[in-house]
Amino acid sequence: MVTQQDIRAVASSVVSFHCSACGKCCNSPPQLTLAELFRHQDRFVGALGMRRMQPAGNAHAADAAALASRLGHALPGGDYLMLAVQGLDYPSLNRCPALGDDNGCTIHTSRPSTCALVPLDAWTPDALQSVLLEKRRAGHGYIGADCIAAGPREGYRELVRGGRVTDPAYADALNRRRGNEAQEKAVWGTQLFRWLLPELLAAPGGIAAVPTADTRTLSLVPALALLAGASPRSRERCLDFAEAQLTLIRHNLAGALARRQAADRPVTAELRAMEAALQRFAGHLRSAAAGASSDPQRAAQVEAYLAS
Ligand code: SF4
Ligand code: SF4
């Protein structure tokens, strides 16, 4: 929780940033949009990520709630559900699958929009980005990289000043990512949330059991089913995607079998469950009659989204 004391501490502060491309923060696959995952279907295994966001009680709660309402899904009780595609890989590898041997990003020109705004965060109101950066400065992902500096520093760019993101490129990246997340919500998130909410309410512990500090990952199949149902062309594209993901999952499972790391076992179990779900989904797509699209507007929306 961000307190008024935190806010006072950074209200007029400058935070500077310089990325030396050390690769330290690329220690796991990123969040992506579903369209980005389709583009990188041979590189990232995608899961549906779910996390409970709690804007109430923080300083700038109204800003945080407005942002959460734009990007996420309102839960009973005042929290919001983040539904996002999360890249999934083995913890023992401790690296993003797109990280090159030279620690550079091998897909830099088409990297996910979430990578372009590092070290900022789309769900954090602009007024609180300085607080977040101050925490990240000494946090696990960045420690030792010295890329975030309190105050001005030679060779670093000013990223935020008080409650504003002052670097135009980063302000753009932040807006782009937020726009992407709002689009995810419009194309598949809202419908998926309608399906999920009764299950979340009925599950042991109810909504309170959805994690707030980390992301729970599930199979992407329900989101894919929403896209596949839009038109025959979307269905074909989803089938191609499912087959590519099955190939990648099997490749990753074989790698884990060779490495034999105890820490990887939970991800192996998860990948096996995802493999089974994708296999059923692909089988269904292959056998179901193609049919015509019943909603041309929806078909056009999904086809444009998948091609984006
Ligand atoms: S840890 Fe910092 S310096 Fe290293 S790649 Fe990430 S942002 Fe750049
Ligand atoms: S996609 Fe590129 S920038 Fe993003 S986490 Fe992976 S290596 Fe880093």
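All heavy atoms count here, side chains included; hydrogens, waters and symmetry mates do not. Given the structure is predicted, the values throughout are model-derived calculations rather than measurements. Position 1 is the first residue of the sequence; numbering continues from there. Both ligands and their constituent atoms are indexed starting at 1 by order of listing.
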> Tell me, please, if Cys22 has any N/O/S atom, main chain or side chain, under 2.8 Å from atom 2 (Fe) of ligand 1?
no
> Considering the heavy atoms of Gly23, write down every atom of ligand 1 situated less than 4.0 Å from one of them.
4 (Fe), 5 (S)
> Sort out for me which residue in Asn252, Asp264, Thr268 forms a side chain to side chain donor-acceptor pair (under 3.5 Å) with Tyr90.
Thr268
> Against heavy atoms of Phe17, which atoms of ligand 1 measure under 4.0 Å?
7 (S)
> For atom 2 (Fe) of ligand 2, what is the nearest protein heavy atom, given as residue, atom name and distance?
Cys105 SG, 2.3 Å
> Check each atom of ligand 1 against the heavy atoms of Lys24 and keep those under 4.0 Å away; list them by number with element.
1 (S), 4 (Fe)
> Hey, do the aromatic rings of Phe17 and Tyr156 have their centres closer than 6.0 Å?
no
> Of all the atoms in ligand 1, which lie at a distance below 4.0 Å from a heavy atom belonging to Cys19?
3 (S), 5 (S), 7 (S), 8 (Fe)
> Verify the neighbour count for atom CZ of Arg272: are there more than 12 heavy atoms of other residues, nucleotides or ligands below 6.0 Å?
no
> Looking only at protein heavy atoms, which one is nearest to atom 6 (Fe) of ligand 2, and what is the separation?
Cys96 SG, 2.3 Å
> Do we get Arg52 above Tyr80's six-membered ring, with its NZ or CZ under 6.0 Å from the centre and within 45° of the axis?
no
> Using a strict cut-off of less than 4.0 Å between a Lys/Arg side-chain nitrogen and an Asp/Glu carboxylate oxygen, indicate whether Asp214 and Arg51 qualify as a salt bridge.
no
> Of all the atoms in ligand 1, which lie at a distance below 4.0 Å from a heavy atom belonging to Ser20?
3 (S)
> Of the protein's non-hydrogen atoms, which lies at the shortest distance from atom 8 (Fe) of ligand 2, and what is that distance?
Cys26 SG, 2.4 Å
> In the protein, what heavy atom is nearest to atom 4 (Fe) of ligand 2, and what distance, to one decimal place, separates them?
Cys115 SG, 2.3 Å
> Which of the numbered atoms in ligand 1 are below 4.0 angstrom from a heavy atom of Cys25?
1 (S), 5 (S), 6 (Fe), 7 (S)
> Look up atom CG in Leu159 and atom CG in Leu117, then write down how far apart they are to the nearest 0.5 Å.
10.0 Å
